[in-house]
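Contents: one structure, followed by commentary.
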Amino acid sequence: MLKPSLRWAVFVSGTGSNLNALLDARPEADVALVVSSTPKAYALVRARRAGIPTWIIPQPYDWDTIHRQLLDHCIDRVFLAGFMKIVPPDFVNRWREKIVNVHPSLLPAYPGLKSIRRAYDEHQPLGVTVHGVIAEMDAGPHLLQRKVESRACADFESAEFMVHLAEHRLVRESVRRCRSEATSS
Ligand code: GRF
């Protein structure tokens, strides 16, 4: 018999299209909490519409409080899905091997901001990586990585759209993979 799903906390800062992809993967992806760095994130609207508990990180940031909030919600895994804050090493260590990030490039190429734009302008391959989070930003072991075929794209906007679609597929696949790894161990 399958063990219950992993309970995910999804960390967001923006529109939450990756959160939406995870919500679409329910019940395999059990999104138990949405944590936002800002009250303005549209991701919060998506979460509330889906009936998912939300929590806006109070200022000033206290990562002990964030950790306790996750424990209070019995969270098993953390997904950084467009979360635009640096996660400090202490928190990463507490959630070692239980925290993943989606990044819109073929890491280690183009870490940081504007990855799609930079890769596109330099005529480099586009893609998406879901990786385990370590103290260094946009680094850590790759869980899944996929190249995006963008040669047929007429302009940057359509290439960017293709990358975002690939992100949504990959975040869904990665929660499924985490679940099957957790249930088989
Ligand atoms: C995504 O491209 C994500 O990989 C990047 O920021 C964007 C956020 O998208 N870090 P969304 O908020 O999930 O729509």
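Keep in mind it's a predicted model, so treat the numbers as computed, not measured. Whatever order the structure lists ligands and atoms in, that order sets their numbers, starting from 1.
For atom 9 (O) of ligand 1, the closest heavy atom belonging to the protein is N18 ND2, 3.8 Å. Ranking protein heavy atoms by distance to atom 7 (C) of ligand 1, first place goes to G82 CA, 4.4 Å. Residue, atom and distance of the protein heavy atom nearest to atom 12 (O) of ligand 1 are G16 N, 2.8 Å. In this structure, the protein non-hydrogen atom closest to atom 2 (O) of ligand 1 is E167 OE1, 2.8 Å.
Residue H164 has at least one heavy-atom neighbour below 4.0 Å for each of these atoms of ligand 1: 2 (O). Interface atoms of ligand 1 facing V102, defined by a heavy-atom separation under 4.0 Å, are 4 (O).
Between the side chain of D76 and the backbone N or O of R7 there is at least one donor-acceptor pair closer than 3.5 Å. Without hydrogens or angle criteria, R117 side chain to K114 main chain gives no donor-acceptor distance under 3.5 Å.
At under 3.5 Å, not a single nitrogen or oxygen of H103, backbone or side chain, sits near a nitrogen or oxygen of ligand 1. Polar contact check, L19 against ligand 1: no nitrogen or oxygen pair lies under 3.5 Å apart.
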*Using the side-chain hydrogen bond (donor to acceptor under 3.5 Å, both in side chains) rule, take W95 and H67 through it: C-alpha gap first, then chi angles, then the decisive distance, then the call.*
CA-CA 9 Å; W95 289 86; H67 176 68; 2.9 Å; yes
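A donor atom on one side chain and an acceptor atom on the other are not found under 3.5 Å apart for Y110 and Q124.
For A43, the heavy-atom gap to ligand 1 stays at 4.0 angstrom or more.
Below 30°, between 30° and 60°, or above 60°: for F79 and W8 the angle between ring planes is between 30° and 60°, a tilted geometry.
Of the listed options S115, S17, G112, S17 places a heavy atom closest to atom 11 (P) of ligand 1.
The structure places OG1 of T65 at 10.5 Å from CG of D72, a figure rounded to the nearest 0.5 Å.
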Pair up each side-chain donor or acceptor in residues 160-171 with any protein partner under 3.5 Å, not counting sequence neighbours, and list the distances.
residue, atom, partner, partner atom, Å
H164, ND1, E167, OE1, 2.7
H168, ND1, H164, O, 3.3
H168, NE2, S17, OG, 3.0
H168, NE2, H164, O, 3.4

